[in-house]
Number of protein chains: 2
Amino acid sequence: MSTMLEVAQKAGVSKATVSRVLSGKGYVSEATKDQVYKAIEEAGYRPNLLARNLATNKSECIGLVVTNTLYNGSYFSEILSQAAKKLEDNGRQLILVDGKHSAQEEREAIQFLLDLRCDAVIIYPRFLTIDEMDEIIDQHKQPIMVVNRKLRKHQSHCICCDHKGSSFLATKYLIERGHNDIAFITGALDSPTAIERLAGYKDALNQYHIGVNEALIVQGKWTPDSGVSAVEALLARQQKVSAILASNDEMAVGAMKKLSDMGISVPHEISLLGFDNIPTAPYLTPALSSIKDPVSDMISEVISRLISMLDGGYLSRDNIFTSQLLERNSVSDGPFKS
Amino acid sequence: MSTMLEVAQKAGVSKATVSRVLSGKGYVSEATKDQVYKAIEEAGYRPNLLARNLATNKSECIGLVVTNTLYNGSYFSEILSQAAKKLEDNGRQLILVDGKHSAQEEREAIQFLLDLRCDAVIIYPRFLTIDEMDEIIDQHKQPIMVVNRKLRKHQSHCICCDHKGSSFLATKYLIERGHNDIAFITGALDSPTAIERLAGYKDALNQYHIGVNEALIVQGKWTPDSGVSAVEALLARQQKVSAILASNDEMAVGAMKKLSDMGISVPHEISLLGFDNIPTAPYLTPALSSIKDPVSDMISEVISRLISMLDGGYLSRDNIFTSQLLERNSVSDGPFKS
DNA sequence: TTGTACGCGTTATCAT
DNA sequence: ATGATAACGCGTACAA
């Protein structure tokens with residue numbers, strides 16, 4: 001690992017000059033510039049980012065915290081893909097660290113990124129509460145953006161979408177197609193998203209004067225397997241069911257698997273809806289792709305915002321993604337039979 | 001951002017003492033220890049990792065480079081999940097950076113990680129050649145481990161598995177069930193993995209004296225959509241087909257979608273196999289889950305090795321994962337009908 | 001047991 | 001246009 005000093009000596013100049021050549025800041029003659037470049041080449045020199053970042057207190061990279069329980073989600077790769085691509089265009093590096101599985105560890109992950117002097121950090125939280133995050137944002141100078149949670153205090157530091165509204169629309173869609181007995185598979189209920197989607201379902205039923213039948217609501221855990229179990233539980237309850245709305249695609253896939261094992265052809269005898277739009281799900285039934293995954297859109301938006309904060313001035317929009325997503329989430333018709 | 005110096009002053013001691021308290025190295029009396037901790041608390045002090053790493057030339061974290069074209073793969077989340085969990089137990093941080101989409105950029109990603117002084121870096125390469133990687137490993141002191149590629153020179157720095165063998169077994173499985181007209185959907189042929197799987201297919205056919213019919217081989221691109229296209233291409237060729245082997249699950253899913261659109265029930269009229277074992281695929285047909293994804297196993301193994309290199313001495317096993325995987329890849333029976 | 005002083009590799013502010 | 005030199009925040013011999 002050769003240092004700047006070695007390069008300087010090889011080139012017969014001072015450290016300062018080498019630094020100028022590398023940064024492009026300050027005047028330096030073409031002649032010495034060439035010498036320096038040659039010396040860099042010869043020495044196989046690489047700037048030490050730690051030293052540079054220590055001196056400048058910047059790092060040209062932004063951090064992302066995701067709890068590793070979410071790594072399993074099929075849409076997770078989509079998130080990363082989005083984020084990396086967007087940042088790439090901006091010349092910054094995305095670095096991902098694991099939020100593990102507790103509020104404390106999510107906190108530490110954020111700290112780790114900040115301790116590395118990331119220019120900003122994005123968190124897709126799972127355990128931290130809104131108030132905790134508001135507090136964390138207060139305590140740090142670097143921008144900290146929160147995805148999929150509506151903060152109380154720092155509204156411009158978060159971005160979220162209307163899960164309740166989407167769920168409402170999905171339910172409404174089924175109702176309008178003549179379904180009165182719509183079962184609902186929830187996500188894990190420690191998740192705000194799960195709760196909101198459940199609320200949207202209930203709202204729609206109430207609004208159409210159908211009424212909520214608790215026996216039609218079964219608790220899932222976001223996984224395909226829990227979708228299978230959910231259908232089993234549903235059957236055990238002996239309820240009449242003409243449609244099932246699952247809180248995400250993976251559970252919908254599991255549910256469909258179970259139904260199909262029992263000889264029930266999904267697109268015909270029963271309607272089945274999921275959210276998210278994971279890569280392989282569209283091939284299961286067109287109905288599944290009718291609602292787009294909002295998460296990657298949120299990531300995309302948050303990065304745009306971050307970039308303009310870091311590069312441009314400090315404009316602080318309020319979070320407004322809700323209405324746009326609601327619009328997009330309108331359910332398409334598709335070859336649906338009830 | 002308070003510094004160590006501030007803490008020292010608050011506690012009425014020197015920087016060195018604070019440093020000792022934090023690191024646990026060297027003697028320090030309980031009394032001053034308490035004072036220091038109190039001062040740390042009051043100041044809300046956080047060690048600056050850049051400074052620390054710069055001074056020690058270590059970082060307690062290891063880097064992972066994955067080309068973002070692979071982010072889309074459904075098994076990608078599995079890789080991360082594995083890696084993060086394993087490292088978590090070891091008290092290290094995993095940081096992921098994007099290898100983007102060229103050899104040059106993969107190179108830069110590795111450099112970035114090294115420049116950050118990661119203790120080691122793992123690369124799941126897509127564009128770098130074996131020789132280039134051997135050279136990179138030569139040039140750096142930090143361990144650089146390569147996944148899914150067999151290096152020429154640094155055999156102990158890579159880990160791979162026998163894609164050809166797996167493919168051979170899968171093909172053999174179909175042959176033994178009476179199939180003589182087995183179509184094969186390749187992956188993108190710029191991928192060594194794709195080529196090896198194709199080779200395994202051909203070997204099996206030859207070994208059983210069935211002979212390779214080029215008209216039954218159709219080129220895919222790893223995606224579900226390309227699986228659909230592949231089946232379409234196959235049909236256009238008017239060949240007799242009783243089974244299809246796809247080079248990964250996503251293409252298998254696409255293929256099944258197409259077949260099912262045409263009214264062909266997959267488990268009955270035709271056999272369909274994929275690799276990988278992605279989360280939602282098992283629900284499509286049991287056949288798809290018959291061959292396990294080797295990638296996350298490789299990652300897991302490489303991390304184990306890395307940990308013993310970093311923590312323990314420098315034992316250098318040769319890469320030997322092949323045989324184990326071959327064993328595991330044996331195809332299960334499942335409700336398969338030909 | 002604690003403090004001093006120097007080094008880690010850069011950047012940045014002065015002079016020159 | 002270029003060169004000293006002081007930060008940046010921390011670790012660590014060495015001395016006390």
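First the proteins, then the strands, lettered A, B, ... as listed; each starts at 1.
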Report yes if at least one side-chain N or O of [X] is closer than 4.0 Å to OP1 or OP2 of [N]; otherwise report no.
| X | N | result |
| --- | --- | --- |
| A:Tyr27 | D:dG3 | no |
| B:Thr56 | D:dG11 | no |
| A:Thr32 | D:dT2 | yes |

(request) Answer yes when B:Lys58 and B:Asp119 have at least one side-chain N-carboxylate O distance shorter than 4.0 Å, and no when they do not. (result) no
(request) Flag the pair B:Arg305 and B:Glu301 as a salt bridge only when some basic side-chain nitrogen lies within less than 4.0 angstrom of an acidic carboxylate oxygen. (result) yes
What's the [atom1]-[atom2] distance between [X] and [N], to the nearest Å?
| X | N | atom1 | atom2 | result |
| --- | --- | --- | --- | --- |
| B:Asn48 | C:dC8 | CG | P | 18 Å |
| A:Leu5 | C:dG9 | CG | C1' | 9 Å |
| B:Glu30 | C:dT2 | CD | P | 10 Å |
| A:Leu116 | D:dG9 | CG | P | 16 Å |
| A:Asn53 | D:dA7 | CG | C1' | 16 Å |
| A:Asp115 | D:dC10 | CG | C1' | 13 Å |
| B:Arg52 | D:dG11 | CZ | C1' | 9 Å |
| A:Leu54 | C:dG7 | CG | P | 17 Å |

(request) State whether a side-chain donor-acceptor pair under 3.5 Å links B:Asn148 with B:His163. (result) yes
(request) Could you tell me whether the side chain of A:Arg20 has a donor or acceptor atom within less than 3.5 Å of a complementary atom in the base of D:dG3? (result) yes
(request) Look at the side chain of B:Lys15 and the base of C:dT4, then say whether one donor and one acceptor between them are separated by less than 3.5 Å. (result) no
(message) I want to verify a distance call: between C:dT11, D:dT12, D:dC10, whose nearest atom is closest to the B:Ser19 side chain?
(response) D:dT12
(request) Using heavy atoms to find the nearest nucleotide of DNA chain C for B:Thr17 and B:Arg117 separately, return the residue whose nucleotide is more 5′. (result) B:Thr17
(request) Take B:Ser14 and A:Lys25, find for each the nucleotide of DNA chain C with the closest heavy atom, and name the residue whose nucleotide sits nearer the 5' end. (result) B:Ser14
(request) For the pair B:Thr67 (side chain) and B:His101 (backbone), establish whether a donor and an acceptor sit closer than 3.5 Å, ignoring hydrogens and angles. (result) no
(request) Could you tell me whether B:Val18 contacts a base, only the sugar-phosphate backbone, or nothing, with contacts defined as non-hydrogen atoms closer than 4.0 Å? (result) nothing
(request) For B:Met4 and for A:Ala16, locate the closest nucleotide of DNA chain D by heavy-atom distance; then report the residue assigned to the nucleotide nearer the 5' terminus. (result) A:Ala16
(message) Counting C-beta onward and ignoring hydrogens, is there a side-chain heavy-atom pair between B:Pro47 and B:Arg52 closer than 4.5 Å?
(response) yes
